[in-house]
Engineer: 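There's a structure below that I have some questions on.
For the single chain, residues carry numbers from 1 onward in sequence order. Counting convention: from 1, in listed order, for ligands and their atoms alike.
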Amino acid sequence: MKLKSIVLGLSLIALPALAQTPVYLDVNKPIEERVEDALSRMTVQEKVAMTHAQSKFSSAGVPRLGIPENWMSDGPHGIRAEVLWDEWYGANWTNDSCIAFPALTALAATWNPDMSALYGKSIGEEARYRNKNVLLGPGVNIYRTPLNGRNFEYMGEDPYLASVLVVPYIREVQKNGVAACVKHYALNNQEIHRGYINVKVDDRALHEIYLPAFKAAVQQGGAWAIMGAYNQYKGEHCCHNQYLLNDILKRDWGFDGVVVSDWGGVHDTKQSIFNGLDMEFGSWTNGLNWGASNAYDNYYLAMPYLQLIREGAVGTSELDDKVRRILRLVFRTNMAKERHFGSFGTEAHALAGRKIAQEGIVLLQNNRNLLPIDVRQTKRILVVGENAVKHMTIGGGSSSLKVKYEVSPLEGIRARVGSSAEVIYAPGYASPAVAEQDVKGAKAEQKEIDPVALRNQAVEAAREADVVLFIGGLNKNDGQDSEGNDRASLSLPYEQDALIAQLAAANPNTAVVILSGNAVAMPWVREVPAIVEAWYSGTEAGHALASILFGDVNPSGKLPFTFPARLEDNSAHALGEYPGDSINVSYNESIFVGYRWADKQKKARPLFPFGHGLSYTTFAYGKPIADKKTLLPGETITFTLPVKNTGTREGQEIVQLYISDKKSSLPRPVKELKGFSKVHLAPGQEKTVTFTIDKEALSFFDDTKHEWVAEPGKFEALIGASATDIKGVVLFELKE
Ligand code: BGC
């Protein structure tokens, strides 16, 4: 009896605290209530601590209140290895080897939102398992020049394609309680001078070309975070840019998430306070900070911020806004109701990556139907090229990964061919060795290379082979497809052009496979029958490529950007400035980016146009019709056409809808992509493809009115297999 009453007495004392769960901890309460409750309990110091990094990739929570830290990871192709607290180098964990997914150019080349959803789901699960609550990706900077070293991390040259594809990626990532942090907002279209160059671009190009994918990410994808870019716009760094962050992103688009700086992209405390930044990462912590107990205290948004508040020089309303956003992020992710647990390095993820890669590989040319290779009729296959054996998941900057495994093209081909034929390998060329970027103190061992001997050996072997598969292209070395620098030219490096020409002369059955995230010049295009663009395909790269080369999978990818024949045929190089004078760069080409420029250049046809990609089967397009002749504002118009597989294999065709404005008050591109549909067709099968659009698809950004307008008048719907292969046209009119 006595004991019971003591226990009861104790529990009575303890009860009030136990019974009342604070609102912010109650996962059943609306997020906004939780945010306000948590905010009201925090000190100014705790708030400031949340707005800047505490390590290379993390920021503080509120330990006193049990609010966890934020942990971020690159992104965008896999979950990066753990690094040391304040270093870029790997921490040598043994349980952090991830699945690498194809580069985002490959995803864009699938033209398939289902593949984007699969990508987001898979990488989101990997991030979740690794206890990351922010994934630094995807990237949607527009492909302005083929020299940009980071194009492989983005989704091509067209704002509509990038907008459609970015949305499912974000939604699926975030279903795991992991925020997608879309990057790099905005106008980060080159790596040279990226830390300071001021981009001068007119409002039309800004709104029609460079912003739509970010807007879709925010408004349709519901992205919880966005990363500011390194460069400047209107003379302010994009990480604290009044116009881009406060006016457009937060006010016009209603973004309620967190603006994260790019690593080292913050330059000023007051601008960071007032111009829309919420979290500061990667500021340099050496030099200035010697002797500080914690270098992170010296971040622009750390002690200097607190100091200004203490002095009364700035108030706390901006701080509260930042912290509200950060708390919202925490409650959406780490403290969300029913958060999944994720999974990591699984077979399912590897196979998802393989499937995406298979759908993204583009068959650019296939004369004499050289591909697919029939192993039953092939005795000796020669594989040439460094990229057949080089690991492409390593290098390239922040997207570099430590992978569970990576199947190289040569391994993939060998696995597919088995004992049916002999597979011989000759490197043909070599790139300089580079040190592993994640390993502190790593040195690259340079081997003596005799390029002529390498080439001769490959060419000799080519004479003896039934088929030659040249697997080259770019790689992730500095100055190729890599962050921090741009390419020096459109040409293939390491004298590959000469090698390819000689291989083709030695053996007419030479297929060229390019691994790259960028267009490359192909002076030998008429000398080789088959050309494949296979991008960077991640963990399952070799299997994916082999399945295409040997016909287990019918290629169905199409180019997400134009391959110009010459660099001068690209508008940034023809008209615009590139890379600028190191202070400013002017996008004089305005809205005429990619095919929008190529279309204007009647004479200079691209090497391969936007939207181009072949199949092992053939498709016939029927005549498109519209459900009405005139469209009124508020209505929709629907175009339909039959598409038939006229070959003997099942395949997928990407049918594209472009809109052409016949007359307008401002210059407009000849046509613009406003719809696409990837249709799967069995041999002989026919399906009806449908596109429904409204006024929005007819509008342009009027920079005088500062709004989107659709002018009444005549329009054409052009339906085709690529930007230059238009199969049918329907005329219609927009009425007032
Ligand atoms: C890159 C970002 C990346 C960050 C963290 C920066 O250099 O521009 O894309 O997320 O580093 O690694």
Side-chain angles (χ1 to χ4, degrees), residues 52-59 70-91 96 98 103-105 123 127 130 132-142 148-155 166 169-170 173 178-197 199 213-214 217 223-232 237-239 258-267 277-285 296 299 393-402 437-438 476 478 481-486 517:
H52 61 269
Q54 62 168 9
S55 77
K56 220 21 134 203
F57 283 101
S58 74
S59 63
N70 292 294
W71 278 87
M72 327 225 157
S73 173
D74 286 303
H77 306 142
I79 308 307
R80 189 172 178 171
E82 299 298 329
V83 295
L84 296 169
W85 189 255
D86 189 25
E87 303 240 21
W88 289 104
Y89 303 110
D96 57 350
C98 71
L104 291 191
T105 38
I123 196 171
R130 284 269 303 280
K132 309 299 174 192
N133 70 319
V134 181
L135 172 68
L136 303 175
V140 284
N141 292 92
I142 289 292
N148 180 12
R150 272 190 112 169
N151 278 336
F152 71 102
E153 289 188 65
Y154 305 138
M155 298 196 193
V166 74
Y169 182 119
I170 295 168
V173 164
V178 173
C181 183
V182 184
K183 58 198 195 180
H184 307 89
Y185 182 74
L187 299 164
N188 184 179
N189 308 104
Q190 64 188 54
E191 290 294 287
I192 295 188
H193 313 315
R194 71 173 180 180
Y196 39 84
I197 193 96
V199 176
F214 289 104
W224 293 333
I226 201 163
M227 184 188 289
Y230 279 131
N231 49 284
Q232 303 190 48
H237 276 95
C238 294
C239 289
V258 176
V259 174
V260 177
S261 78
D262 200 342
W263 269 233
V266 177
H267 302 268
L277 179 70
D278 300 312
M279 276 179 140
E280 177 189 6
F281 274 83
S283 301
W284 311 124
T285 56
Y296 291 90
Y299 270 38
T393 56
I394 303 168
S398 58
S399 62
S400 182
L401 295 170
K402 175 171 150 191
Q437 64 184 53
D438 283 346
K476 300 287 188 68
D478 184 37
D481 281 326
S482 184
E483 183 179 340
N485 229 326
D486 286 347

Engineer: Between Asp96 and Lys402 (salt bridge meaning N to carboxylate O under 4.0 Å), is one present in this structure?
Structural biologist: yes
Engineer: Quick one: do Tyr230 and Trp263 satisfy ring pair (Phe, Tyr, Trp, His ring centres under 6.0 Å)? Show the steps, please.
Structural biologist: CA-CA 8 Å; Tyr230 279 131; Trp263 269 233; 9.2 Å; no
Engineer: What pairs with His52 under side chain to side chain donor-acceptor pair (under 3.5 Å), at least two apart in sequence or on another chain?
Structural biologist: none
Engineer: Any salt bridge between Asp74 and Lys183, counting N to O under 4.0 Å?
Structural biologist: yes
Engineer: Are Asp86 and Tyr296 close enough that a side-chain donor and a side-chain acceptor fall under 3.5 Å?
Structural biologist: yes
Engineer: What residues come within 4.0 Å of ligand 1, counting heavy atoms only?
Structural biologist: Phe57, Asp74, Arg80, Trp88, Leu136, Arg150, Lys183, His184, Arg194, Met227, Tyr230, Asp262, Trp263, Ser398, Glu483
Engineer: Can Lys132 and Glu82 be counted as an ion pair, charged N to O under 4.0 angstrom?
Structural biologist: yes
